Amino acid sequence: MKKDRIVCGLDVGTTKICMMIARTHRDGGLELISTGYADSAGLHKGVVIDLDAAASSIRRAADEAEMKSELSVDWVIVGATGDHFQSFNSRGAIAIEGNRHEVTAEAMAQVIAAAQSVPISPDREVIHVLPQEFVLDDRGGIKNPVGLFGSQLDVNIHVVTCQSTLNQNLINAVNRAQMRVKKVVAQPLASAQAVLTRDEKDLGTAIIDIGGGTTDIAVFLGDAVHFTKVLPVGGAHFTRDLAIGLQTPLEDSERIKKEAGTVLTERIAAEEFVLVPGMGTRAARNVPRKVICGILRDRAVEILELVADQLRKGITSDSLIAGVVVTGGGSMLDGMVELSEEILGMPVRQGLPLGLRGLTEELSHPVYSTAVGLALFGAEEAGVLRKKPGKAGSTPWLFNRILSWAGN
Ligand SMILES: Nc1ncnc2c1ncn2[C@@H]1O[C@H](COP(=O)(O)OP(=O)(O)OP(=O)(O)O)[C@@H](O)[C@H]1O
Ligand SMILES: [Mg+2]
């Protein structure tokens, strides 16, 4: 089996680590070979806070995936998150020289570099530079200007940056787990890759990945990224709220949330009760389900209002023609889709990962959206490598992105 046909996505989530090993096919498809799963340790709100603990949970997930596939993983596409991620849009312009005024690949790279020449703080690094559209002599909506004639080329780009030290901590954790990092991908973009349809990305959609420690937002319009944001709140906050409000151990509040939880409190009958274990040696007691779910609803409303605030800042709501897609484990809480529609004032659907052959029913679940998306990112890169033999190792990532994007 040729090595460059194997891709590996590694989702380092706050609550779980998931590795997906997949094989690219000649027809452009991607097939799952094996998965590995481990509970996370050493992570808080998406960032590594204990290197050894994080590395050993990453290694556990990798061991499982490697054992099932009988492959050894050298490098991974890793998903990163945390509220240290920031993003901005920028525009650049260059004159197209030469007597024919033809846009070359070099000119395209130059105009993107010009758009990127915005000073960023020295403690931050650029993770993604994503072209939105090129404008050639005031004619917009161009995805690939190479070969076209014109006098002035402009580009609008979306740039995602993160704090260098926190990014390095994640890379170190993966290295300590005996793997190299080929590329770091912002988790909201990875989830979007697996969950959004082409039409949704084109017409205007926000993806909201409600994870364990973070809620990641990405907005797509015109088949391009216009806004990304990571909020440091997620499913673990629901669990903690229940543990505190009901005075019950975290393990029990997690179970109660999943088994009896809903944010649609108006649908709960007054006579519904849930047996809630006590903390330590305290006895269990029956608590009205309405009370339990009221706690969950309050937290859900708070998170969704934060999301609505961000969407108002990032875009005009009427640009989200295709509405909102929620994914991540937090979107599994009963009623989240309905409550999101109410608070965001837009149509909302739940997003399951797609685009990877061999995904079982168990893996077609919102908690796996990021891992599937990371494998898809890897395949996109591998596809470009096949098209450009001999240049694989040296082709800069940005250029890869442009080529694969232009070839869509
Ligand atoms: N059926 C369910 N009902 C309610 N919550 C659920 C359900 N299933 C999973 N969750 C919650 O989803 C969260 C985990 O989601 P996910 O696996 O997407 O997070 P993560 O990727 O580990 O974290 P992050 O992306 O924030 O770093 C947990 O808080 C878990 O309690
Ligand atoms: Mg996640």
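The shown structure was predicted, so the numbers you read here are calculated from the model rather than taken from an experiment. Remember, it's 1-based here, ligands and their atoms both numbered in the order they're listed.
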(request) Considering heavy atoms of the protein only, find what lies nearest to atom 24 (P) of ligand 1 and give residue, atom and distance to 0.1 Å. (result) T14 OG1, 3.5 Å
(request) Please list, chain by chain and in numerical order, all residues satisfying side chain to side chain contact (heavy atoms under 4.5 Å, CB included) with S117, sequence neighbours excluded. (result) none
(message) Students should be able to answer this: which protein heavy-atom is nearest to atom 30 (C) of ligand 1, and at what distance?
(response) E254 OE2, 3.3 Å
(message) Would G261 count as a contact residue for ligand 1, given that I'm defining contact as a non-hydrogen atom of the residue lying under 4.0 Å from a ligand atom?
(response) no
(request) Decide side chain to side chain donor-acceptor pair (under 3.5 Å) for N167 and E125; before the verdict, give the C-alpha distance in whole Å, the side-chain angles of both, and the deciding distance to 0.1 Å. (result) CA-CA 9 Å; N167 191 40; E125 65 189 83; 3.2 Å; yes
(request) Would you check whether P366 has a nitrogen or oxygen atom less than 3.5 angstrom from a nitrogen or oxygen atom of ligand 1? (result) no
(request) Check the surroundings of atom CD in E266: do more than 12 heavy atoms from other residues, nucleotides or ligands lie under 6.0 Å from it? (result) yes
(request) Could you list which atoms of ligand 1 come closer than 4.0 Å to a heavy atom of G328? (result) 18 (O)
(request) Do me a favour and list the nearest non-hydrogen protein atom to atom 25 (O) of ligand 1 with residue, atom name and distance? (result) Q187 OE1, 3.5 Å
(message) Does ligand 1 come near enough to K16 that some N or O of the ligand is less than 3.5 Å from an N or O of the residue?
(response) yes
(request) For H158 and T228, test the side chains for any donor-to-acceptor distance below 3.5 angstrom and give the result as yes or no. (result) yes
(request) Decide whether an N or O pair under 3.5 Å exists between G213 and ligand 1. (result) yes
(message) Among all protein heavy atoms in this structure, tell me which lies nearest to atom 1 (N) of ligand 1, with the distance rounded to 0.1 Å.
(response) M332 CB, 3.5 Å
(message) As an exercise, identify every atom of ligand 1 less than 4.0 angstrom from a heavy atom of G235.
(response) 29 (O)
(message) Would you say N172 and Q168 are linked by a side-chain donor-acceptor pair, where the criterion is simply a distance under 3.5 Å?
(response) yes
(request) Check each heavy atom of K45 against ligand 1 and say whether those closer than 4.0 Å belong to the side chain, the backbone, both or neither. (result) neither
(request) Tell me which protein heavy atom sits closest to atom 23 (O) of ligand 1, plus the residue, atom name and distance to 0.1 Å. (result) G212 N, 2.9 Å
(message) Show the nearest heavy-atom pair for residues H365 and E362, with the distance to one decimal.
(response) CB-O, 3.5 Å
(request) Go through ligand 1 atom by atom and flag the ones less than 4.0 Å from a non-hydrogen atom of G329. (result) 5 (N), 6 (C), 7 (C), 8 (N), 9 (C), 10 (N), 11 (C), 12 (O), 15 (O), 16 (P), 18 (O)
(message) Within the structure provided, determine whether I217 and V230 are in side-chain contact (heavy-atom separation under 4.5 Å).
(response) no
(request) Mark up the atoms of ligand 1 that fall under 4.0 Å of a heavy atom belonging to A236, in ascending order. (result) 29 (O)
(message) If only side-chain N and O atoms count, and only distance matters, is there a donor-acceptor pair under 3.5 Å linking S57 with S40?
(response) no
(request) Over all heavy atoms of both residues, which pair between A80 and L170 is shortest? Give the atoms and the distance, please. (result) CB-CD2, 3.5 Å
(request) Just need the protein heavy atom nearest to atom 22 (O) of ligand 1, so name the residue and atom and give the distance. (result) T15 OG1, 2.5 Å
(message) Can a side-chain donor-acceptor contact be found between T327 and D209 if the only test is distance below 3.5 angstrom?
(response) no
(request) From atom 28 (C) of ligand 1, work out which of R255, K257, H365, H237 has a heavy atom at the shortest distance. (result) K257
(request) State, without any angle test, whether K257 and T239 hold a side-chain donor-acceptor pair at a distance under 3.5 Å. (result) yes
(message) Check this for me, if you would: do E251 and R255 make a salt bridge, where the nitrogen-to-carboxylate-oxygen distance has to be below 4.0 angstrom?
(response) no
(request) Please could you name the atoms of ligand 1 that G330 approaches to less than 4.0 Å, counting only its heavy atoms? (result) 12 (O)
(request) Examine distances only and state if a side-chain atom of S340 and a backbone atom of V348 form a donor-acceptor pair shorter than 3.5 Å. (result) no
(request) May I ask you to check if ligand 1 and D209 share an N or O to N or O distance below 3.5 Å? (result) no
(request) Report yes or no: does a heavy atom of G234 sit under 4.0 Å from some atom of ligand 1? (result) no
(message) Can you report which non-hydrogen protein atom sits closest to atom 8 (N) of ligand 1, along with the distance?
(response) K258 CE, 3.6 Å
(request) Using distance alone, decide if ligand 1 has a nitrogen or oxygen within less than 3.5 Å of any nitrogen or oxygen in T81. (result) no
